[in-house]
Student: 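Got a structure for you, written out below as structure tokens; questions coming shortly.
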Amino acid sequence: MEKPITLDAHGEMLMRQFRELLPTLASLANEAHKQLKQALHEQGIYITAMEQRVKSEKSLMGKLELKGAKYKSIDDITDLVGLRVITFYTDEVDKVAAIAKRVFDVDWQESVDKRKLHHLDSFGYNSLHYICRLRSGGPRFELQMRTALQHVWSTIEHDTGYKGDVKIPPEYKRQFSRLAGMMELIDDEFSRLRTALTDYRRQMLSFVKNGQLDDVPLSRDSFRNYLDLQPFDRLNRRIAAVNQAEIWPVSVMSYLPALEALGMETLGDVQRFIEENSDDAYQLALSQLAITDLDILSSSTALQYLCLVHVLKHHGGREGIISLYNIVNGESDANGMLADLMMEQAQTLPFMQKKQ
């Protein structure tokens, strides 16, 4: 059974003030949460969670029982309302803090950066704590900013009772400290890795813009950036002109596995693939579309015919075309019939004649 909390007259007075202030505190929690959430959204800061709470009576009574004498009035207690922002990466904590400084008035005398305390077992408490006030006035509130791993570790410490009343034996304290150090290292390394990957992507994007395509490995990100150059646009317009067709924009990302299956490793390989096969792809498209009245073509048409020509030129034959269709459209019995039709129409084209 828990020991009942007893308060002196001063503590009881503070509790009465707290109860009278509760509607204001609830409104404050909602307004502070709304303002900060909107500001983070406007700045494009993606967070994993954002929490708000008004201190419970039980929690406040426990605090006042221990140190109620230090507070002259309820206004001296700065954590009656609490906001907590949880980020994925350590550097994002500072970004959230910078935005919070613009949204709220910060009491720098009461605020503390616990990340700078460097206690051996403090990882779960390495939050950045601001004591804030709305620009429109009102009671102060506490804003905690921490990473997801710091939050998880803090929860683990609380769940295991590590910070409880029972004295922890030295061997367990040492194990906690070792694990906390590992978690802190992981937290930092995730941020470093993200920075390194961001720098790498920027470098690859620079290579694409500067035409250094042989230096850019073929990947989902690099191919998406390459598509910004509209590499298939000219052939698409040439094919569409056969029937004066409209080009309907669609994603061609589904062709990335096909390009990889055809042996392309860099964007330079893709560029040469386009240059070497465009004329023959046009002839293959012409042989099919000239006898139709299709007036809408998807923007993947050029890439489809480029892949078909590449397969035919490199002796892929019927099985190669079926494999291509399976990759792009999914496996289906219809792919065999489409391959037969494609083989029949391609036989009369010059590039097939040369191959024979």
Student: Would you compute the distance between atom CZ of R318 and atom CG of L338 and round it to the nearest 0.5 angstrom?
Tutor: 10.5 Å
Student: Keeping T87 on the side-chain end and I47 on the backbone end, is there a donor-acceptor pair under 3.5 Å?
Tutor: no
Student: In the hydrophobic clustering that connects Ile, Leu, Val, Met, Phe, Trp and Tyr at side-chain heavy-atom distances below 4.5 Å, which members other than W248 occupy its cluster, ordered by chain and number?
Tutor: V250, I296
Student: Do the side chains of R146 and D187 get close enough for a salt bridge, i.e. N-O under 4.0 angstrom?
Tutor: no
Student: How about NE2 on H41, more than 12 heavy atoms from neighbouring residues, nucleotides or ligands closer than 6.0 Å, or not?
Tutor: no
Student: Using a cut-off of 6.0 Å, state whether more than 12 heavy atoms not belonging to Y71 lie near its atom OH.
Tutor: yes
Student: Take Y305 and Q283 through the side-chain contact (heavy atoms from CB on, under 4.5 Å) test and state the conclusion after the steps.
Tutor: CA-CA 9 Å; Y305 282 110; Q283 292 298 328; over 6 Å; no
Student: Just do the side-chain contact (heavy atoms from CB on, under 4.5 Å) check on L324 and H310 with the steps written out, would you?
Tutor: CA-CA 11 Å; L324 173 65; H310 185 88; over 6 Å; no
Student: Identify the heavy atoms of G62 and I5 that sit nearest to each other, and give their distance.
Tutor: N-CD1, 3.8 Å
Student: Which of these, E142, Q52, Q144, sits in a side chain to side chain donor-acceptor pair (under 3.5 Å) with R84?
Tutor: Q144
Student: Do T292 side-chain atoms and L289 backbone N/O form a donor-acceptor pair below 3.5 Å?
Tutor: yes
Student: With heavy-atom distances below 4.5 Å as the criterion, would you say the side chains of L66 and L64 are in contact?
Tutor: no
Student: Are the side chains of I321 and L312 in touch, meaning some heavy atoms are under 4.5 Å apart?
Tutor: yes
Student: I need the minimum non-hydrogen distance between R272 and D269, along with the two atoms involved.
Tutor: NH2-OD1, 2.9 Å
Student: Which pair of heavy atoms, one from A32 and one from F104, lies closest together, and at what distance?
Tutor: O-CZ, 3.6 Å
Student: What's the spacing between M145 CE and I86 CD1 if we round to 0.5 Å?
Tutor: 12.5 Å
Student: NZ of K37: more than 12 outside heavy atoms within 6.0 angstrom?
Tutor: no
Student: How close do N277 and K313 get, counting heavy atoms only, and between which atoms?
Tutor: OD1-NZ, 3.2 Å
Student: Does the side chain of L349 reach to within under 4.5 Å of the side chain of V309, using non-hydrogen atoms?
Tutor: no
Student: Are I247 and L306 in one and the same hydrophobic cluster, where Ile, Leu, Val, Met, Phe, Trp and Tyr link if side-chain heavy atoms are under 4.5 Å apart?
Tutor: no
Student: Check the pair E31, K34 against salt bridge (charged side-chain N to carboxylate O under 4.0 Å, His left out), reporting the backbone distance first and the verdict last.
Tutor: CA-CA 5 Å; E31 183 61 23; K34 183 181 77 172; 3.5 Å; yes
Student: Honestly curious: do I327 and Y325 fall in one hydrophobic cluster under the side-chain, below-4.5 Å linking rule?
Tutor: no
Student: Under 3.5 Å, is there a donor-acceptor pair linking the side chains of S219 and S222?
Tutor: yes
Student: Kindly compute the distance separating CG (N335) from CG (N326), expressed to the nearest 0.5 Å.
Tutor: 5.0 Å
Student: Going by side chain to side chain contact (heavy atoms under 4.5 Å, CB included), name the residues that satisfy it together with Q17, two or more places apart in sequence or in a different chain.
Tutor: M13, L14, S73, I74
Student: Is there a side-chain contact (heavy atoms from CB on, under 4.5 Å) between T147 and F190 once you walk through the steps?
Tutor: CA-CA 11 Å; T147 68; F190 270 128; over 6 Å; no
Student: Taking CZ in R234 as the centre, count heavy atoms belonging to other residues, nucleotides or ligands within less than 6.0 Å. Is the count above 12?
Tutor: no
Student: Between R135 (side chain) and R102 (backbone), is there a donor-acceptor pair under 3.5 Å?
Tutor: yes
Student: Would D279 and R238 count as a salt bridge (charged side-chain N to carboxylate O under 4.0 Å, His left out) if you check the C-alpha gap in whole Å, the side-chain angles of each, and the deciding distance to 0.1 Å?
Tutor: CA-CA 10 Å; D279 286 341; R238 191 178 175 194; 2.9 Å; yes
Student: Step through the shown structure and confirm whether more than 12 heavy atoms of other residues, nucleotides or ligands are within 6.0 Å of CD on E110.
Tutor: yes
Student: Using only atom types and a distance under 3.5 Å, with no angle test, would you say the side chain of Q43 pairs donor to acceptor with the backbone of L40?
Tutor: no
Student: Heavy-atom count check: over 12 atoms from other residues, nucleotides or ligands less than 6.0 Å from D293 CG?
Tutor: no
Student: Looking at side-chain heavy atoms only, is the closest gap between V252 and L227 below 4.5 Å?
Tutor: yes
Student: Y46 vs F88 aromatic rings, parallel, tilted or perpendicular, using cut-offs 30° and 60°?
Tutor: parallel
Student: Any heavy-atom pair between the side chains of E246 and D295 that's under 4.5 Å?
Tutor: no
Student: So for atom CD, which belongs to E275, do other residues, nucleotides or ligands contribute more than 12 heavy atoms lying within a distance under 6.0 Å?
Tutor: yes
Student: Does P23 offer a backbone N or O that forms a donor-acceptor pair with the side chain of S27 under 3.5 Å?
Tutor: no
Student: Would you mind reporting whether P139 and V81 have side-chain heavy atoms less than 4.5 Å apart?
Tutor: no
Student: Test of understanding: clusters of I, L, V, M, F, W, Y form through side-chain heavy atoms closer than 4.5 Å, transitively. Do Y282 and L308 belong to the same one?
Tutor: yes
Student: For a quick test of reading the model, state the closest non-hydrogen atom pair linking A39 to I99 and the distance between them.
Tutor: CB-CG2, 3.6 Å
Student: So does L185 get a backbone contact from the side chain of D188, meaning a donor-acceptor N/O pair under 3.5 Å?
Tutor: no
Student: I'd like to check L60 versus I77 (side-chain heavy atoms, cut-off strictly below 4.5 Å). Are they in contact?
Tutor: yes
Student: For the pair Y226 and L229, evaluate side-chain contact (heavy atoms from CB on, under 4.5 Å) and give the outcome as yes or no after the intermediate values.
Tutor: CA-CA 6 Å; Y226 178 63; L229 302 179; 4.1 Å; yes
Student: Is the closest basic N to carboxylate O distance between E189 and R192 below 4.0 Å?
Tutor: yes
Student: For E331, I'd like to know if atom CD has over 12 heavy atoms of other residues, nucleotides or ligands within 6.0 Å.
Tutor: no
Student: Under 4.5 Å between side-chain heavy atoms, hopping through other hydrophobics if needed: is there a path connecting V112 to I131?
Tutor: no
Student: M61, F18: one ILVMFWY side-chain cluster at the under-4.5 Å cut-off?
Tutor: yes
Student: Is there side-chain contact between S300 and F232, with at least one heavy-atom pair below 4.5 Å?
Tutor: no
Student: Please check if the side chain of Q288 supplies one atom and the backbone of L284 the other of a donor-acceptor pair under 3.5 Å.
Tutor: no
Student: Between atom SG of C132 and atom CZ of F141, what is the distance when rounded to the nearest 0.5 Å?
Tutor: 4.5 Å
Student: Are the side chain of S278 and the backbone of I274 linked by a donor-acceptor contact shorter than 3.5 Å?
Tutor: yes
Student: Once rounded to the nearest 0.5 Å, what's the spacing between atom CG of N236 and atom CG of L297?
Tutor: 8.0 Å
Student: Do the side chain of N243 and the main chain of A245 share a donor and acceptor less than 3.5 angstrom apart?
Tutor: no
Student: For the residue pair A339 and I322, what are the closest heavy atoms and their distance?
Tutor: CB-CG1, 3.6 Å
Student: Which distance, rounded to the nearest 0.5 Å, do you find between the OG1 of T348 and the CD of Q345?
Tutor: 8.5 Å
